[in-house]
Every structure is written in structure tokens, then in C-alpha cells.
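Structure first, then comments.
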Amino acid sequence: MKELVKEKVLKALKELYNTQVENFKVEKPKEEAHGDLASNVAFLLARELKKPPVNIAQELADFLSKDETFKSVEAVKGFINFRFSEDFLKEEFKKFLLSGEAYFKEDLGKGLKVQLEYVSANPTGPLHLGHGRGAVVGDTLARLFKFFNYDVTREYYINDAGRQVYLLGISIYYRYLEKCPERDEETFKEIKEIFEKDGYRGEYVKEIAERLRKLVGESLCKPEEANLKEVREKILKEESIELYYTKKYEPKDVVDLLSNYGLDLMMKEIREDLSLMDISFDVWFSERSLYDSGEVERLINLLKEKGYVYEKDGALWLKTSLFGDDKDRVVKRSDGTYTYFASDIAYHYNKFKRGFEKVINVWGADHHGYIPRVKAALKMLEIPEDWLEILLVQMVKLFREGKEVKMSKRAGTFVTLRELLDEVGKDAVRFIFLTKRSDTPLDFDVEKAKEKSSENPVYYVQYAHARISGIFREFKERYKKDVSVEELINYVQHLEEEAEIKLIKKVLFFKDELVDITLKREPHLLTYYLIDLAGDFHHYYNHHRILGMEENVMFSRLALVKGIKEVVRLGLNLMGVSAPERM
RNA sequence: GUGCCCGUAGCUCAGGUGGACAGAGCACGGGGCUCCGGACCCCGGGGUCGCGGGUUCAAGUCCCGCCGGGCACACCA
């Protein structure tokens with residue numbers, strides 16, 4: 001709708017003044033009294049035309065008034081207020097009814113190759129609420145991009161390398177050794193020391209250790225007597241879960257073996273958690289593969305050739321401070337190993353080489369200090385500045401009975417994403433994660449999420465959908481037949497009431513809304529639109545009967561609610577929330 | 001200490017590339033179908049948009065300072 005008006009304004013400018021402006025706005029005014037859409041063009045032209053905005057607005061309004069698209073075009077204090085004619089709106093609404101969601105599609109993306117990377121949680125523990133929020137934001141954006149014809153790749157970067165993976169192995173081994181009837185005390189002491197300092201203390205580690213014990217018995221209690229090869233084969237043979245890391249990587253010692261085994265189990269958990277939320281990925285990208293292929297090393301060499309690497313204190317440093325970072329960063333430690341930053345640059349370079357034209361990373365907000373160094377590295381590689389976009393997602397706080405549930409891995413009061421999903425369900429989780437701008441912290445009230453009332457926006461919106469479905473069910477029941485949209489569109493002309501025209505507008509404006517949400521990367525606005533639309537519908541429904549009215553009234557109203565249902569369905573769908581036929 | 005984000009009604013928050021009298025939900029008070037789903041609807045009171053300057057025809061929105069809150073500042077990932 002906005003585009004249409006913009007075009008008309010541009011045409012008018014050309015005819016009246018033979019001029020063009022770029023950055024004028026056509027927007028939905030806050031006040032309905034100011035029309036369906038309003039524009040500020042006149043203000044922007046005042047200087048060039050050497051006329052007061054009020055006069056320009058008047059001239060434009062007079063000119064555009066002739067257009068049948070509009071019921072009225074008025075100049076008010078320099079603004080131009082547009083009001084669509086009802087005939088135009090009804091014709092558009094019919095088009096929408098016939099074509100369904102396709103009516104809202106537009107070739108925004110033009111097939112642009114976009115990669116969205118999100119979640120990418122460390123495979124050393126279960127997903128927590130923050131990961132879930134990132135997952136929902138990323139997934140919803142992916143759906144929106146697809147809708148507008150971007151060529152989207154959804155990717156999960158698995159941090160399966162480095163010290164954390166080693167610590168996972170240590171932690172599993174510690175929990176395993178704890179329960180050994182007889183064990184090598186020397187080894188136990190050594191492992192225990194590392195564990196107590198940096199180990200993962202969650203229950204899930206114990207579970208992995210127990211699962212391991214079932215497979216291999218006590219054969220790892222005394223590592224010097226253990227036959228690593230046999231143990232590994234035993235695991236591969238007995239374990240019912242598909243093992244990737246355990247199979248692919250020859251372990252150098254027991255801890256290494258357990259690291260791989262742990263990774264396999266954790267990744268399985270993570271995939272399951274995500275699929276419970278209907279979230280899936282096109283690519284699962286392994287950090288370790290960047291080392292295997294030599295990409296990390298080659299990348300550092302490339303940066304060396306470009307003269308951005310120097311040695312200090314036995315380590316290799318990257319001159320990120322040249323490109324806006326606070327200080328230079330280590331890429332290769334004095335012990336010869338690479339830092340996470342090094343592989344991360346290689347990862348981004350890899351994305352670039354894969355031909356993505358736009359890359360969007362959805363990161364936890366605690367990573368914001370990390371952004372400048374990544375951006376600096378990309379500049380060194382001469383990758384365009386706007387190629388990488390980073391969206392930060394703030395943490396989620398859990399509230400139960402009005403009190404914050406403090407999360408601490410150590411205290412054991414850690415609520416996982418899985419637990420929340422089990423308790424309140426996918427729809428509520430996905431919807432509520434999108435009820436706030438993603439860059440501000442979110443308070444998640446468990447009781448409200450479970451409540452089936454207007455306290456809970458999920459139900460409010462879903463209820464609108466179910467109610468409309470109910471109307472059509474009842475129609476079929478009473479009249480023993482279905483109605484097709486082809487029949488319904490013939491009655492659209494009979495929608496005359498103000499509330500009905502208002503609803504038609506609301507429905508048709510969904511397209512502008514979607515475009516806006518996509519370009520601004522603010523999927524939370526989807527929830528606000530839907531709550532608003534659902535509210536308008538509930539209001540309408542409470543004041544207007546549909547079934548049993550005389551033919552023109554009944555069928556025109558059926559057409560109207562059919563359209564609303566379709567928009568609610570599409571909106572929920574883009575958020576990955578179900579649109580139930582009954583509740 | 002430095003950097004980033006935030007401060008809008010009693011509570012939770014929209015609005016933030018400046019634009020027309022500041023919005024919603026909840027809570028609080030009062031009301032609503034013999035009839036399509038009451039998980040709904042209607043009415044009401046409620047705000048110096050943290051404070052102080054500045055830019056502008058126009059500031060909740062942009063700039064500066066201050067106050068209050070969050071996060072980040074490793075040869076961790």
C-alpha cells in the first residue's frame with residue numbers, strides 16, 4: 001500500500017513540478033483521523049520550490065484527489081493525508097481472498113544469498129533459555145526472508161574444538177571415575193583437580209558417565225590397563241545413538257575419547273531440543289573441520305602476508321586496533337595452539353568464499369564486545385562492511401509466582417530450554433520470546449505463559465483463529481455445505497460498516513508490516529500486529545452476528561473473517577506458532 | 001575505569017532513520033449475548049516519556065552532560 005502511494009506521489013511531483021525527491025515518507029499516522037497513510041513530502045520540497053509546505057501540500061492533494069484509488073486526499077498543516085476509497089479496498093481484499101498469502105509476497109530479496117547463523121551454543125551442556133530466544137529470533141527471520149524470496153541458509157556453528165571440549169571429556173571422566181569400585185587414584189586425583197577448577201557440574205554429565213558405564217563397564221577405571229581401541233570399538237558397537245565424533249576422530253587418550261563421545265551425546269540433545277521448537281538447520285558447521293582442512297592455518301598465513309600479524313611474548317597477534325578494535329588480539333598462543341578468534345575469522349572467511357552475499361549472526365548480547373575484532377578482521381580481508389550483520393539477543397529471566405528464578409549452574413537451579421518447553425509448550429515459548437525487542441532483556445513469567453486467558457497473548461491470538469474456524473464449522477453444520485472463496489468474493493461489496501472497512505485495511509496493511517519487519521530485522525513486531533488484529537476481530541465479533549443473517553450480510557461477513565483468519569494463520573506460521581482449528 | 005545497551009502509566013512493555021493532542025496489555029472500579037466459542041467484549045480513573053542543557057518550523061525519537069540499571073572488557077570459547 002505504501003509503495004503504491006509513493007509511486008502516485010512521485011508521478012504527481014513530476015507532472016506538477018517536474019521534480020523528484022528521494023527520501024520522503026509515506027507512513028501510517030498514529031491517529032486515524034489523519035488518514036490511512038500520510039506523507040511529509042511537502043516539507044522536503046519547500047526549499048527547492050521556494051514555497052511554504054502548506055501550499056505544496058494543498059496543490060499535491062488537489063491533484064491526487066482525482067485518483068479513484070482515494071476517497072480523499074487532504075492537506076493538513078503541510079502533511080498530506082490519504083484515505084483509500086472503499087471500492088479500491090474491497091477490490092484489493094478480493095484479490096487477497098483469491099490468492100491467499102501470495103498476495104503479501106514481494107520480491108524483496110531477489111534471490112540474494114543470505115546466511116543466518118544462530119544458536120551455535122557450545123555442545124558442552126543443554127540449551128538454556130537465552131539460546132532458545134536466539135533460536136526463535138533467527139528462525140523467524142529465516143522464515144520471513146524465505147517469504148520474500150531471499151535464498152536463505154540456516155546454519156549452526158558447532159564449537160567442537162578447543163579447551164571446552166577437553167573439559168567436557170574431563171568432566172565425564174571424573175563422574176565416571178567417582179563411581180569406580182577400584183580405580184587408579186593417581187589419575188583420579190589429577191582429573192579431579194581439573195574438574196574442580198573448570199569442570200561442568202550439571203547432572204547431564206553424570207548421566208553421560210552412567211550411559212558410558214553401561215556400555216564399557218569398569219574398563220576405564222585404570223587407564224593404563226585400558227585398551228583404548230577396544231573400548232572405542234565397544235562404544236561404537238553398543239551405542240544405539242548415531243556417533244559422529246567418536247567414529248571420525250581417533251582418540252589420543254581416554255579423555256579425548258570421552259570428549260568425542262560427550263560431543264555426540266550433547267549434539268543429539270541439542271538437535272532434539274531445537275526440533276521440539278520446530279527449529280531446524282540446513283547446515284551444521286563444525287569448527288574442528290576448519291582445523292582439519294588447514295583453513296585456520298592458511299587464513300593466518302594470509303593475514304601474515306597482508307602484514308597484519310606480529311609476534312610478541314611468543315604469541316602471534318593480529319593488529320585489529322588498526323581497524324577500530326581497542327587493542328590487538330592473540331590469534332596463536334605461545335603454546336602453538338590457535339585461539340577461538342583465529343578459527344572464527346576462518347569461519348567467516350569460509351562463509352564469504354561459499355558465496356553468501358549477506359551474513360547475519362544472531363549472537364547472545366554478552367558477545368557484543370567481541371564484534372569490533374571480528375569486523376576488524378573482515379576489513380583486513382577486504383570484505384565489504386555491510387556484508388556481516390550482527391543481531392544481539394539479550395538474556396531471558398525466568399519468573400515464577402512473581403519471583404525471579406535465579407539461574408546458576410553451580411547451585412543447580414538451572415532451568416533448561418527443554419524443561420520450559422515441557423512445562424509451557426512450544427507455542428507459548430516461541431510467541432513470548434518474540435514479545436519484546438530482542439536487544440532488551442526478557443522477563444518470562446511461567447504462570448502467565450501457562451494461563452489460558454487474556455493475560456496470555458498467545459491464546460488471545462490463537463483464539464481468534466479458532467473462533468473463526470468455529471464459525472465455518474457451524475456454517476457447515478447448519479447449511480450442510482461449504483463456502484468457497486470464489487463464492488465469497490461476490491459479497492465483499494456488501495461490507496459497508498466502519499468496523500468492517502477498518503478490518504479490511506488492517507488485513508491489507510499486513511504486507512507493509514511484513515516488509516518493515518523484515519527490513520528492520522525486528523520479528524517481535526509480528527506479535528504486536530497480531531495481537532492488534534486479534535483484538536479488532538474479537539471486538540467486531542462481539543458486536544456482529546454472522547450466521548443466520550440475511551444472505552448478503554452473512555456471506556460478506558464470512559468473507560471478512562475468512563481474510564482475517566488467513567492473516568492470523570500466516571502471521572503465526574511465520575513465527576512458528578500453530579494456528580489451531582479448535583482449542 | 002573504558003565501551004555498548006537500557007530508563008515511557010502502579011506493573012510488563014510498544015512507539016526510537018524527528019512530524020500532527022504520548023499508546024497497549026495487566027492491575028484497580030463498574031458493566032455485557034434466551035442467539036455463530038465468555039480463553040471474548042464495553043466503560044472509567046491513571047504519565048514532568050530518568051534529570052538538565054542544546055540542535056530544529058517540529059524532540060519520547062538526534063547531540064552533550066549528569067543520575068540510575070544491565071552487559072562486556074583473557075594467550076576462555
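Quantities reported herein were computed from a predicted structural model and do not represent experimental measurements. Basis for what follows: all heavy atoms, side chains included, without hydrogens, waters or symmetry-related copies.
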Expressed as a whole number of Å, how far does the [atom1] atom of [N] sit from that of [M]?
N     : M     : atom1 : result
B:G15 : B:G23 : P     : 16 Å
B:G7  : B:U48 : C1'   : 15 Å
B:C5  : B:C63 : P     : 10 Å
B:G18 : B:A59 : C1'   : 6 Å
B:C26 : B:G44 : C1'   : 16 Å
B:G69 : B:C57 : C1'   : 37 Å
B:A39 : B:G47 : P     : 34 Å
B:U8  : B:G68 : C1'   : 15 Å

Exercise. Applying side chain to side chain donor-acceptor pair (under 3.5 Å), which residue pairs with at least one partner in residues 316-328 of chain A are found, sequence neighbours left out?
Worked result: A:Y310-A:D328, A:T320-A:D325, A:S321-A:D328, A:D325-A:R329
Exercise. When the nearest nucleotide of RNA chain B is assigned to A:G369 and to A:Q164 on a heavy-atom basis, which residue is associated with the more 5' position?
Worked result: A:G369
Seminar exercise, completed: Of A:W317 and A:T435, the one whose nearest nucleotide on RNA chain B sits closer to the 5' end is A:T435
Whole angstroms only, please: what is the [atom1]-[atom2] distance between [X] and [N]?
X      : N     : atom1 : atom2 : answer
A:D516 : B:G16 : CG    : P     : 9 Å
A:Y463 : B:C36 : OH    : C1'   : 11 Å
A:R329 : B:A72 : CZ    : P     : 15 Å
A:Y460 : B:A24 : OH    : P     : 12 Å
A:D532 : B:C41 : CG    : P     : 12 Å
A:H539 : B:C41 : NE2   : C1'   : 8 Å
A:F399 : B:C13 : CZ    : C1'   : 13 Å
A:Y528 : B:C26 : OH    : C1'   : 13 Å

For this session: First locate atom CD of A:E269, then atom OH of A:Y204, and finally report the distance between them rounded to the nearest 0.5 Å.
Result: 11.0 Å
Seminar exercise, completed: One should read off an interatomic distance between A:E117 CD and A:N361 CG, to the nearest 0.5 angstrom, of 4.5 Å
Exercise. Do A:E513 and A:K28 meet the salt-bridge criterion of a basic N to acidic O distance under 4.0 Å?
Worked result: no
Problem set entry | A:Y541 ring over B:C36 six-membered base ring, under 5.5 Å and 30° | yes
Taking only residues two or more places apart in sequence, or in another chain, which ones meet [X] in a side-chain hydrogen bond (donor to acceptor under 3.5 Å, both in side chains)?
X      : result
A:S293 : A:E295
A:Q164 : A:N122
A:K450 : A:E423
A:Y118 : none

Measure all distances between protein nitrogen or oxygen atoms and nitrogen or oxygen atoms of nucleotides 5-12 of chain B, and list the pairs falling under 3.5 Å.
unit_1 : atom_1 : unit_2 : atom_2 : d
B:C6   : OP1    : A:R437 : NH2    : 3.3

Counting side-chain heavy atoms from CB outward, which of [options] is closest to [X]?
X      : options             : result
A:K327 : B:A74, B:G37, B:A77 : B:A74
A:H368 : B:C40, B:G3, B:A77  : B:G3
A:R545 : B:G37, B:C40, B:C36 : B:C36
A:I471 : B:A77, B:C36, B:C71 : B:C36
A:E522 : B:G37, B:G15, B:C75 : B:G15
A:L525 : B:C75, B:G15, B:G37 : B:G15
A:E474 : B:G37, B:A77, B:C41 : B:G37

Looking across every strand, which nucleic acid part, if any, lies under 4.0 Å from [X] by heavy atom: base, sugar-phosphate, or nothing?
X      : value
A:Q462 : nothing
A:H544 : base
A:H524 : sugar-phosphate
A:K332 : nothing
A:E581 : base
A:F43  : base
A:Y370 : base

Considering residues at least two apart in sequence or located in another chain, which fulfil the salt bridge (charged side-chain N to carboxylate O under 4.0 Å, His left out) criterion with [X]?
X      : answer
A:D256 : none
A:D335 : none
A:R545 : none
A:R288 : none

Problem set entry | Residues A:K562, A:F472; criterion side-chain contact (heavy atoms from CB on, under 4.5 Å); working and verdict | CA-CA 9 Å; A:K562 179 100 186 164; A:F472 282 95; 3.8 Å; yes
Exercise. Under a 3.5 Å cut-off for both distances, is B:G60 Watson-Crick or wobble paired, and to whom?
Worked result: none
Distances under 3.5 Å between protein N/O atoms and the N/O atoms of nucleotides 20-22 of chain B, please, pair by pair.
unit_1 : atom_1 : unit_2 : atom_2 : d
B:A20  : N6     : A:N81  : OD1    : 2.8
B:A20  : N1     : A:N81  : OD1    : 3.0
B:A20  : N1     : A:N81  : ND2    : 3.2
B:C21  : N4     : A:E31  : OE1    : 2.3
B:C21  : N4     : A:E31  : OE2    : 3.3

Problem set entry | Main-chain N/O of A:I80 paired with A:S39 side-chain donor or acceptor, under 3.5 Å | no
Exercise. What parts of residues 548-569 of chain A reach RNA chain B, counting only heavy atoms under 4.0 Å away?
Worked result: none
For this session: Classify the angle between the aromatic ring planes of A:Y245 and A:Y249 as parallel (below 30°), tilted (30 to 60°) or perpendicular (above 60°).
Result: parallel
